[in-house]
Peer 1: 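Quick one: the structure is below, and I'll ask about it shortly.
What you see is a predicted model; the values in this text were computed from it and never measured. We use all heavy atoms of the structure for the numbers below, so side chains are in, but hydrogens, waters and symmetry mates are not.
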There are 2 protein chains.
Amino acid sequence: MTNESLIFKKFLARRDLRFTPERKAILEAVFDTHRHFDADEMVELLHKQGKKISRATVYRTLDLLVKGGLIRAMELGEARKVYEHIIGHKHHDHLICTGCGRIIEFDDGLIELLQQKVCDRLNFQAETHSLRMFGRCENCR
Amino acid sequence: MTNESLIFKKFLARRDLRFTPERKAILEAVFDTHRHFDADEMVELLHKQGKKISRATVYRTLDLLVKGGLIRAMELGEARKVYEHIIGHKHHDHLICTGCGRIIEFDDGLIELLQQKVCDRLNFQAETHSLRMFGRCENCR
DNA sequence: ACTCAATCTGAGATTGAGTCTCAATTAAAA
DNA sequence: TTTTAATTGAGACTCAATCTCAGATTGAGT
């Protein structure tokens, strides 16, 4: 049993929700994918694997994975939301190249610290944050 | 002639686009509004003022104002894009209360500086950025 | 002022990601 | 086994945003 399965099961149990075969299959497909993906890509991937799971269930389960803190949803300038793993990955933010669509991840502890200071100063209790910089990567500038 | 009119006219002229009565009315309505607004609110506001301007034209003109650097579009956690002025306003980022929807603006020069350093380090030429922190404001925590 | 090519507009159709509905199914507890 | 509640799938629905295209408007050139 993988780490993420345990965490997801615990999350579901806490809410009287069930670890169904569909949720298991989606969880596994999500954690087998080591890049950003969107909901409809996940539907397609599951169908390619012969798993007949409806769009509605995929959307619902991705929401659960977000609520459970296993994955993170982001808007990277496109219409669709994309997702990435949280578990087993250090927090990071994104540079988004408006030329080629490339996503560059970075993290900077000092920026995070200063963000926290801003929140403290304004008496705000941050739960999540999103820092995105849009521009040109080295290949496109 | 206001500052923003001059800038918008110049932007349009540079692209062989016209400063039509509709675009003028939208520009004025936008800069008379001193808070965040979305496209459909702007349509409604114009209609209340007796200006019969179509949704399509409002959407198109807001895009032009963004391209021209007069206003900025953001996603603040809701489905709709919201807009705010850029001209005459210092750059800032946002705290978004997930309890009451309140938007708190802040700016922190040191964070901006560190963002620039990240871009320099990764050879990335940033054009815009967006830093949002979601959580609970002092009234909702 | 007139012509003409290019831009602009409005009404409504269309798109598309995401959500909702509800009947049938499945899981788990009693 | 019975009962109760959660779950699923198919497709309808929502709604912000975009697109279409015919007719109107603009402005440069004459």
Side-chain angles (χ1 to χ4, degrees), chain A residues 5 8-30 36-47 49-68 71-83 101, chain B residues 5 8-30 36-47 49-68 71-83 101:
Chain A
S5 294
F8 193 36
K9 281 175 109 161
K10 204 185 275 182
F11 168 80
L12 292 172
R14 219 182 309 130
R15 300 183 161 219
D16 290 315
L17 302 176
R18 294 164 189 166
F19 191 62
T20 63
E22 289 81 4
R23 287 176 181 165
K24 182 166 183 290
I26 294 166
L27 177 74
E28 285 168 1
V30 163
H36 298 119
F37 62 89
D38 66 44
D40 279 329
E41 280 170 8
M42 192 48 59
V43 172
E44 211 182 327
L45 174 62
L46 287 159
H47 283 192
Q49 295 179 356
K51 314 259 174 60
K52 296 283 187 311
I53 301 179
S54 72
R55 247 166 55 85
T57 297
V58 172
Y59 272 91
R60 286 188 283 233
T61 302
L62 290 174
D63 281 350
L64 288 173
L65 291 172
V66 170
K67 288 206 182 80
I71 64 176
R72 173 157 86 122
M74 299 162 295
E75 290 132 28
L76 295 184
E78 317 278 317
R80 307 174 162 197
K81 265 188 221 164
V82 299
Y83 298 89
Chain B
S5 294
F8 194 36
K9 281 175 110 161
K10 202 184 274 182
F11 168 80
L12 293 171
R14 219 182 310 131
R15 301 184 159 218
D16 289 317
L17 302 177
R18 294 167 188 162
F19 191 61
T20 63
E22 289 82 4
R23 287 176 180 164
K24 182 166 182 290
I26 294 165
L27 177 73
E28 285 168 1
V30 162
H36 298 119
F37 62 89
D38 66 43
D40 279 329
E41 282 170 6
M42 192 48 61
V43 172
E44 210 181 327
L45 174 62
L46 287 158
H47 282 192
Q49 296 179 356
K51 313 260 173 60
K52 295 285 187 311
I53 301 180
S54 72
R55 252 165 57 83
T57 296
V58 172
Y59 273 90
R60 287 188 283 234
T61 302
L62 290 174
D63 281 349
L64 289 172
L65 291 171
V66 170
K67 288 205 182 80
I71 64 176
R72 173 157 87 122
M74 300 162 294
E75 290 131 28
L76 295 184
E78 316 280 315
R80 308 174 161 198
K81 265 188 220 162
V82 299
Y83 298 88

Peer 1: Mark up nucleotides 25-30 of chain C, 5' to 3', with B wherever a protein heavy atom is under 4.0 angstrom from a base atom, S wherever such an atom reaches only the sugar-phosphate, and - elsewhere.
Peer 2: -BB---
Peer 1: Considering non-hydrogen atoms only, spot the tightest contact between A/Leu64 and A/Phe11 and give its length.
Peer 2: O-CE2, 3.6 Å
Peer 1: Identify whether any heavy atom of A/Arg23 sits under 4.0 Å from a base atom; if not, whether one sits that close to sugar-phosphate; answer base, sugar-phosphate or nothing.
Peer 2: sugar-phosphate
Peer 1: Write down the distance between CZ (B/Phe11) and C1' (C/dT7), rounded to a whole number of angstrom.
Peer 2: 15 Å
Peer 1: Under 3.5 Å, is there any donor-acceptor pair linking the side chain of B/Arg60 to the base of C/dG10?
Peer 2: yes
Peer 1: With distance as the sole criterion, do the side chain of B/Arg80 and the base of D/dA17 form a donor-acceptor contact below 3.5 Å?
Peer 2: no
Peer 1: Can you tell me how far the CD atom of A/Glu75 sits from the NZ atom of A/Lys81, to the nearest 0.5 Å?
Peer 2: 7.5 Å
Peer 1: Going by heavy atoms in the side chains, are B/Tyr83 and B/Leu62 under 4.5 Å from each other?
Peer 2: yes
Peer 1: Can you check whether B/Tyr59 has a side-chain N or O nearer than 4.0 Å to OP1 or OP2 of D/dT18?
Peer 2: no
Peer 1: Using a 3.5 Å distance criterion without hydrogens, assess whether the side chain of B/Arg55 forms a donor-acceptor pair with backbone atoms of B/Val43.
Peer 2: no
Peer 1: Using 0.5 Å steps for rounding, measure from the CZ atom of B/Phe37 to the CD atom of B/Glu44.
Peer 2: 14.0 Å
Peer 1: Could you tell me how far apart A/Lys52 (NZ) and D/dG9 (C1') are, to the nearest whole angstrom?
Peer 2: 13 Å
Peer 1: Identify the two heavy atoms, one from B/His36 and one from B/Met74, that lie closest to each other, and give their separation to 0.1 Å.
Peer 2: CD2-CE, 3.6 Å
Peer 1: Specify the separation, in whole Å, of atom CD of B/Glu41 and atom C1' of D/dA16.
Peer 2: 13 Å
Peer 1: Please classify the nucleic acid contact of B/Asp38 as base, sugar-phosphate, or nothing, using heavy-atom distances under 4.0 Å.
Peer 2: nothing
Peer 1: By nearest nucleotide on DNA chain C, pick out whichever of A/Lys81 and B/Leu12 is the more 5' one.
Peer 2: B/Leu12
Peer 1: Under the side-chain contact (heavy atoms from CB on, under 4.5 Å) criterion, do A/Leu17 and A/Arg23 qualify, and how do the steps go?
Peer 2: CA-CA 11 Å; A/Leu17 302 176; A/Arg23 287 176 181 165; 3.9 Å; yes
Peer 1: When the distance from CD of A/Glu22 to P of D/dT8 is rounded to whole Å, what number comes out?
Peer 2: 5 Å
Peer 1: Would you mind reading off the distance between B/Ile26 atom CD1 and C/dT9 atom P, rounded to a whole angstrom?
Peer 2: 7 Å
Peer 1: Which heavy-atom pair separates B/Ala25 from B/Ile53 by the least distance, and what is that distance?
Peer 2: CB-CD1, 3.8 Å
Peer 1: How does DNA chain D look in dot-bracket form if you count Watson-Crick and G-U pairs under 3.5 Å, write [ ] for pairs that cross, and put | where a base pairs with another strand?
Peer 2: ||||||||||||||||||||||||||||||
Peer 1: Quick check: on DNA chain D, is the nucleotide nearest A/Ala56 upstream (toward 5') of the one nearest A/Asp16, or the reverse? Name the residue that is more 5'.
Peer 2: A/Asp16
Peer 1: Nearest to the side chain of B/Leu17, which nucleotide is it out of D/dA6, C/dA17, C/dC8?
Peer 2: C/dC8
Peer 1: Check the pair A/Leu12, A/Phe8 against side-chain contact (heavy atoms from CB on, under 4.5 Å), reporting the backbone distance first and the verdict last.
Peer 2: CA-CA 6 Å; A/Leu12 292 172; A/Phe8 193 36; 3.9 Å; yes
Peer 1: Just the rounded figure in Å: distance from C1' of D/dT26 to NZ of B/Lys24.
Peer 2: 16 Å
Peer 1: What's the closest nucleotide to the side chain of A/Asp63 if the choices are C/dT19, D/dT8, D/dT18?
Peer 2: C/dT19
Peer 1: Under 4.5 Å between any side-chain heavy atoms of B/Glu22 and B/Thr61, yes or no?
Peer 2: no
Peer 1: Round to the nearest Å and state the distance from A/Leu62 atom CG to C/dT19 atom C1'.
Peer 2: 14 Å
Peer 1: Take the protein atom CZ of B/Arg15 and the nucleotide atom P of C/dC8, then report the distance between them rounded to whole Å.
Peer 2: 11 Å
